[in-house]
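Below: the structure, in structure tokens.
Lettering of chains follows the sequences in order, A, B, ..., and the numbering in each one begins at 1. These numbers come from the heavy atoms of this one structure, side chains and all, not from hydrogens, waters or symmetry mates.
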Protein chains: 2
Amino acid sequence: MSMDCKFESALEIFVGKWKPVILFQLFTNGTMRFSQLQKAIPDISKKMLTQQLRELEYHDIVNRKMYLQVPPKVEYTLTEYANNLEPVLNAMWEWSETHLKHLSELYGEERAQGDRT
Amino acid sequence: MSMDCKFESALEIFVGKWKPVILFQLFTNGTMRFSQLQKAIPDISKKMLTQQLRELEYHDIVNRKMYLQVPPKVEYTLTEYANNLEPVLNAMWEWSETHLKHLSELYGEERAQGDRT
DNA sequence: CGGCATCCCAAAAGATACTG
DNA sequence: CAGTATCTTTTGGGATGCCG
């Protein structure tokens, strides 16, 4: 097993289109309900959100707490193990800020905000 | 455009199955030829490697230098702008180390090295 | 050597409808 | 509210062959 493979398989746990965004939300807001996450991430479908949360849960990154009541209520929190991911998420956040400025410089400030076309 | 969307679109530039691994290689080794990258990342196909490199090039993360000679020689390097990604890659690397230890603790040291089954 | 073009299959993900 | 189930579409990515 090569070094890259280990690196890659460790990344699989949280990279992808949605996981960083979900994790970022949970890091920022702490405990969140399913519907809260949906609102916070409008472009994700219910199916995807469920699926991604299940995978994160499987890998001991998020905790799922279900209240047996009507209507149902499910809360998601980060596990203690997820704290190890905080530096990555922070670095990603910094990068996204930097990248946005980069785009502004390339295409002009006003475009970067309105984002037409 | 929501905050998440900006975050997400910034991530799109380098997350995915292969980009972090490619970037990690370039950060570690500096300038690399196409065939060097192929050797370093055995599981990637020529097609994928080309494709991922083109996308990284498009986003000003890697630089492609082509020598007009026979046989051809193409060298890839990171751009200056790519330095902004270094903290992310480092954090990812740290995480992968941490995660590997985590697995060792769960399943035992010897298994984590030999990795049978 | 470092690609690109084409074909093809499998996996991912969207849409919609239904449920405890 | 927080999901499943099903179906369909889109995408990812492997295999092969050709080319400058």
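- Considering only heavy atoms from C-beta on, B:Leu23 stays 4.5 Å or farther from B:Val88 through its side chain.
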Item to complete: Give the intermediate values and the outcome of side-chain contact (heavy atoms from CB on, under 4.5 Å) for residues A:Met92 and B:Phe7.
Response: CA-CA 8 Å; A:Met92 283 180 168; B:Phe7 184 58; 4.0 Å; yes
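- Taken from CZ in A:Phe24 to CG in A:Leu26, the straight-line distance is 11.0 Å, to the nearest 0.5 Å.
- In this view, A:Asn29 and A:Gln25 satisfy the side-chain hydrogen bond (donor to acceptor under 3.5 Å, both in side chains) rule, not counting sequence neighbours.
- Distance, B:Gln36 CD to C:dG3 P: 13 Å, rounded to whole Å.
- With sequence neighbours excluded, no residue satisfies salt bridge (Lys or Arg N to Asp or Glu O under 4.0 Å) with A:Lys17.
- Here A:Met48 contributes atom CE and A:Ile22 contributes atom CD1; the two are 9.5 Å apart, rounded to the nearest 0.5 Å.
- Side-chain atoms of A:Phe14 and A:Ile61, non-hydrogen and from C-beta on, never get closer than 4.5 Å to each other.
- Residue B:Arg33 has a polar side-chain atom (N or O) positioned under 4.0 Å from OP1 or OP2 of C:dG2.
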Anything under 3.5 Å between a protein N or O and an N or O of nucleotides 10-12 of chain C, put it in a table, one pair a line.
none

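- A heavy atom lying under 4.0 Å from DNA chain C marks the following residues of residues 54-75 of chain A, by number: A:Pro72.
- Looking at residues 23-30 of chain A, you'll see that no heavy atom sits under 4.0 Å from any atom of DNA chain C.
- Summarising the local packing, CD of A:Gln69 is surrounded by more than 12 heavy atoms from other residues, nucleotides or ligands at distances under 6.0 Å.
- Counting to the nearest Å, the C1' atom of C:dG14 and the CD atom of A:Gln38 are 14 Å from each other.
- To the nearest angstrom, P of C:dC1 lies 15 Å from OH of B:Tyr76.
- Between A:Gln52 atom CD and C:dG14 atom C1' the separation is 14 Å, expressed in whole Å.
- A nucleotide of DNA chain D counts as in contact with chain B when one of its atoms lies under 4.0 Å from a heavy atom; the first and last such, 5' to 3', are D:dG13 to D:dG20.
- The closest side-chain heavy-atom distance from A:Leu53 to A:Phe34 is below 4.5 Å.
- Note that the OG atom of A:Ser9 and the CG atom of A:Leu11 stand 8.0 Å from one another [nearest 0.5 Å].
- Among C:dG3, C:dA15, C:dC1, the nucleotide with an atom closest to any side-chain atom of A:Lys47 is C:dA15.
- By the 4.5 Å heavy-atom criterion applied to side chains, B:Leu78 and B:Asn83 are not counted as neighbours.
- The side chain to side chain donor-acceptor pair (under 3.5 Å) analysis of residues 31-54 of chain A, with sequence neighbours excluded, yields the pairs A:Lys19-A:Gln52.
- Between B:Gly16 and A:Val15, the closest heavy-atom pair is O-CG2, 4.1 Å.
- Under the side chain to side chain contact (heavy atoms under 4.5 Å, CB included) criterion, B:Pro87 pairs with A:Ala91, sequence neighbours left out.
- Helix bend of the helix from C:dC1-D:dG20 to C:dG20-D:dC1: the angle between its two end axes, each built from five pairs, comes to 60° after rounding to 10°.
- Contacts classified as side chain to side chain donor-acceptor pair (under 3.5 Å) and involving residues 90-102 of chain B (residues at least two apart or in different chains) are given here: A:Tyr81-B:His99.
- Pairs of residues two or more places apart, or lying in two chains, that qualify as side chain to side chain donor-acceptor pair (under 3.5 Å) and include a residue from residues 56-68 of chain A are A:Arg64-A:Tyr76, A:Tyr67-A:Glu75.
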